[in-house]
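Down below is the structure, laid out as structure tokens.
Computed over heavy atoms, backbone and side chain alike; hydrogens, waters and symmetry mates excluded. Note that the structure is a prediction, hence the values are computed from the model and not measured.
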Amino acid sequence: MEGLASLGTIPKVSFPPISSSIRRSKFLSRRLNRRPSMDALSRNSISVASSSSPISPAIRAQQTESEAGSAAASPVNEPKENDLKVKEWEVGMFQDEVAASQGIRIRRRPPTGPPLHYVGPFQFRLQNEGNTPRNILEEIIWYKDKEVSQMKERRPLFSLKKDLESAPPARDFLGALKAAYLRTNLPGLIAEVKKASPSRGVLREDFDPVEIARAYEKGGAACLSVLTDEKFFQGSFENLQKIRNAGVECPLLCKEFVVDAWQIYYARSKGADAILLIAAVLPDLDIKYMTKICKMVGLTPLVEVHDEKEMDRMLAIEGIELIGINNRNLETFEVDISNTKKLLEGERGQKIREKNITIVGESGLFTPEDIAYVQEAGVKAVLVGESIVKQSDPTKGIAGLFGKDISA
């Protein structure tokens with residue numbers, strides 16, 4: 001994401017490896033809604049204990065605490081609550097394993113240990129050494145996971161689906177970018193309506209989302225990107241709605257940190273025409289599922305990648321038509337626009353052309369020379385925020401970015 005800054009690196013918490021056969025059997029059992037028997041869990045626990053290396057000092061045995069807790073009287077509903085916590089933790093562990101196997105470095109949630117009364121192959125709890133975000137993107141994702149859970153309680157999915165019936169019709173986001181490229185022979189512009197960022201602070205004090213959107217449209221923007229995250233970017237879905245209801249004709253990208261399909265329905269109900277999906281956060285299965293949901297409700301998914309591995313993952317998924325290359329390194333948070341060229345060279349570039357995928361250049365674009373560089377690399381659209389939103393007249397800022405007036 002444009003404007004992200006590193007929070008530093010923390011020590012990793014390790015734990016003994018669990019055999020793939022045990023993981024598969026437990027996962028299949030959960031999918032069939034059948035918990036493994038206590039005998040089976042005990043056997044798995046003994047098997048893991050005997051076949052694994054000694055437990056790391058960062059992991060403390062909790063059997064004594066568990067036994068003491070089980071002896072105490074508890075309310076009737078406590079077993080059900082514990083079962084729910086156990087299932088949630090098991091699902092989280094499985095998701096983390098899948099993500100790690102695909103090279104995803106952004107953890108979806110803090111690596112907390114199992115619930116206190118859990119009995120199974122993991123007879124321990126993790127200490128809190130690893131429960132600090134490694135960088136600002138991970139901090140955002142952890143916060144977003146909690147935020148979305150609370151929003152889902154207030155607005156269940158069935159109510160959102162009803163809201164879709166009265167939502168304004170979806171517009172062709174990808175079609176608008178292609179049309180702009182044909183009209184100007186320059187990358188179609190996705191101009192970002194953004195008040196602030198975690199690293200840069202407030203970018204524009206006199207922030208009026210509707211006036212900025214109108215200035216972008218007047219300046220020749222093909223589409224608009226609207227930040228909807230409140231805590232870190234001072235954006236909102238209210239801004240998205242205001243722009244849509246103001247009669248701005250440019251299709252709107254909901255620039256959100258998606259961790260749940262619920263957010264896709266919510267964005268569409270608020271008038272979005274497209275939504276961002278980040279490959280550094282979402283495993284392949286989530287990307288596939290969410291892409292289908294997007295198309296079902298009329299949204300265009302813009303899938304963002306940062307490096308070669310993420311690009312290769314996305315090229316292996318059928319149905320992706322729009323990929324954004326973020327030039328910001330997630331480890332160092334340095335920006336290098338040559339990243340775009342690197343990801344579009346050789347066989348990858350050929351595959352992108354064969355699949356007719358439109359590429360969007362993101363981050364680090366400030367001058368006509370920057371635009372020309374990424375266009376020569378193969379980009380047909382660009383997403384730009386900071387370099388134009390900070391201008392006193394964003395319309396003139398767009399002309400300065402491209403080196404000429406690109407308005408119709």
Side-chain angles (χ1 to χ4, degrees), residues 1-5 173 176-177 180-181 183-230 232-236 238-240 242-244 246-255 274 276 302 304 324-328 333-337 340 360-375 379-408:
M1 294 294 297
E2 185 172 333
L4 300 182
F173 188 90
L177 292 177
Y181 182 80
R183 178 177 62 83
T184 64
N185 199 31
L186 289 168
L189 173 63
I190 307 172
E192 191 150 84
V193 181
K194 178 168 66 172
K195 181 178 181 178
S197 75
S199 62
R200 303 287 187 179
V202 175
L203 300 174
R204 189 182 184 95
E205 292 288 351
D206 58 332
F207 184 80
D208 183 327
V210 173
E211 289 305 311
I212 292 171
R214 286 173 174 161
Y216 285 161
E217 187 170 51
K218 182 180 177 182
C223 301
L224 305 181
S225 168
V226 184
L227 263 298
T228 53
D229 176 78
E230 295 187 25
F232 297 92
F233 290 86
Q234 298 187 35
S236 69
E238 182 182 3
N239 289 345
L240 181 68
K242 283 181 178 179
I243 294 171
R244 184 66 196 253
V248 175
E249 295 182 3
C250 292
L252 305 179
L253 169 73
C254 175
K255 192 74 170 290
L276 182 71
L302 169 59
E304 180 179 276
I325 298 177
N326 195 322
N327 295 312
R328 190 176 300 277
F333 283 84
E334 296 177 352
V335 176
D336 181 2
I337 64 173
T340 295
V360 181
E362 304 174 16
S363 296
L365 305 175
F366 292 90
T367 68
E369 290 73 26
D370 294 335
I371 299 297
Y373 179 86
V374 294
Q375 181 176 8
V379 157
K380 293 190 177 179
V382 291
L383 192 156
V384 183
E386 182 181 343
S387 65
I388 52 178
V389 77
K390 293 175 69 174
Q391 303 297 321
S392 57
D393 183 350
T395 298
K396 292 182 179 179
I398 292 175
L401 174 68
F402 285 88
K404 66 176 185 177
D405 182 0
I406 63 167
S407 61

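Taking all atoms of both residues into account, the shortest heavy-atom contact from Ala246 to Val210 is CB-CG1, 3.7 Å. Closest approach of Ala176 to Ala222, counting heavy atoms only: O-CB, 3.7 Å. When every heavy atom of Ala215 is checked against every heavy atom of Thr395, the shortest pair comes out as O-OG1, 2.8 Å. In terms of heavy atoms, Pro187 sits closest to Val382 at CB-CG1, 4.0 Å. The two atoms that bring Arg204 and Gln391 nearest to each other are NH1-O, 2.6 Å, heavy atoms only. Heavy atoms only, all atoms of each residue included: Ala213 and Leu224 are closest at CB-CD1, 3.5 Å.
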Output, in order, the C-alpha distance, side-chain angles, deciding distance and verdict of side chain to side chain contact (heavy atoms under 4.5 Å, CB included) for Phe402 and Leu189.
CA-CA 10 Å; Phe402 285 88; Leu189 173 63; 4.0 Å; yes
Carefully, step by step, assess Glu192 and Val389 under the rule side chain to side chain contact (heavy atoms under 4.5 Å, CB included).
CA-CA 7 Å; Glu192 191 150 84; Val389 77; over 6 Å; no
Please test Val226 against Arg244 for side chain to side chain contact (heavy atoms under 4.5 Å, CB included), starting from the C-alpha separation and ending with a verdict.
CA-CA 11 Å; Val226 184; Arg244 184 66 196 253; over 6 Å; no
List the steps, then state whether side chain to side chain contact (heavy atoms under 4.5 Å, CB included) holds for Leu203 with Glu386.
CA-CA 7 Å; Leu203 300 174; Glu386 182 181 343; 4.2 Å; yes
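To the nearest 0.5 Å, the span separating CD on Gln234 from CG on Asp229 amounts to 10.0 Å. Taken from NZ in Lys218 to CG in Asp393, the straight-line distance is 7.0 Å, to the nearest 0.5 Å. The line from CG of Asn185 to CD1 of Ile406 is 12.0 Å long, rounded to the nearest 0.5 Å. Considering CG of Leu227 and SG of Cys254, their distance stands at 9.0 Å, rounded to 0.5 Å. Residue Arg200 holds its CZ atom at 6.5 Å from NZ of Lys390, rounded to the nearest 0.5 Å. The distance from atom CG of Leu252 to atom CG of Leu240, rounded to the nearest 0.5 Å, is 5.5 Å.
Counting only heavy atoms from C-beta outward, the side chains of Leu401 and Ser387 approach each other to under 4.5 Å. Taking the side chain as every heavy atom from C-beta outward, Ile325 and Val374 never approach each other to under 4.5 Å. No side-chain heavy atom of Leu253 sits under 4.5 Å from any side-chain heavy atom of Cys223. By the 4.5 Å heavy-atom criterion applied to side chains, Ile388 and Tyr216 are counted as neighbours. Taking 4.5 Å as the limit, some side-chain heavy atom of Phe233 sits within range of a side-chain heavy atom of Pro198. The shortest distance between side-chain heavy atoms of Ser236 and Asn239 falls below 4.5 Å. For the pair Ser225/Glu362, no side-chain contact is recorded, criterion being any heavy-atom separation below 4.5 Å from C-beta on. In this structure, the side chains of Gln375 and Leu186 come closer than 4.5 Å at one or more pairs of heavy atoms.
With Ser363 as reference, Asn326 is the one residue of Asn326, Asp336, Asn327 to meet the side chain to side chain donor-acceptor pair (under 3.5 Å) rule.
With sequence neighbours left out, the side-chain hydrogen bond (donor to acceptor under 3.5 Å, both in side chains) criterion links Thr367 to Glu369, Asp370. Judged as a side chain to side chain contact (heavy atoms under 4.5 Å, CB included), and not counting sequence neighbours, the contacts of Tyr373 are Ile337, Ser338, Lys341.
For Glu211 and Arg214, the salt-bridge test passes: some basic side-chain N is under 4.0 Å from an acidic carboxylate O.
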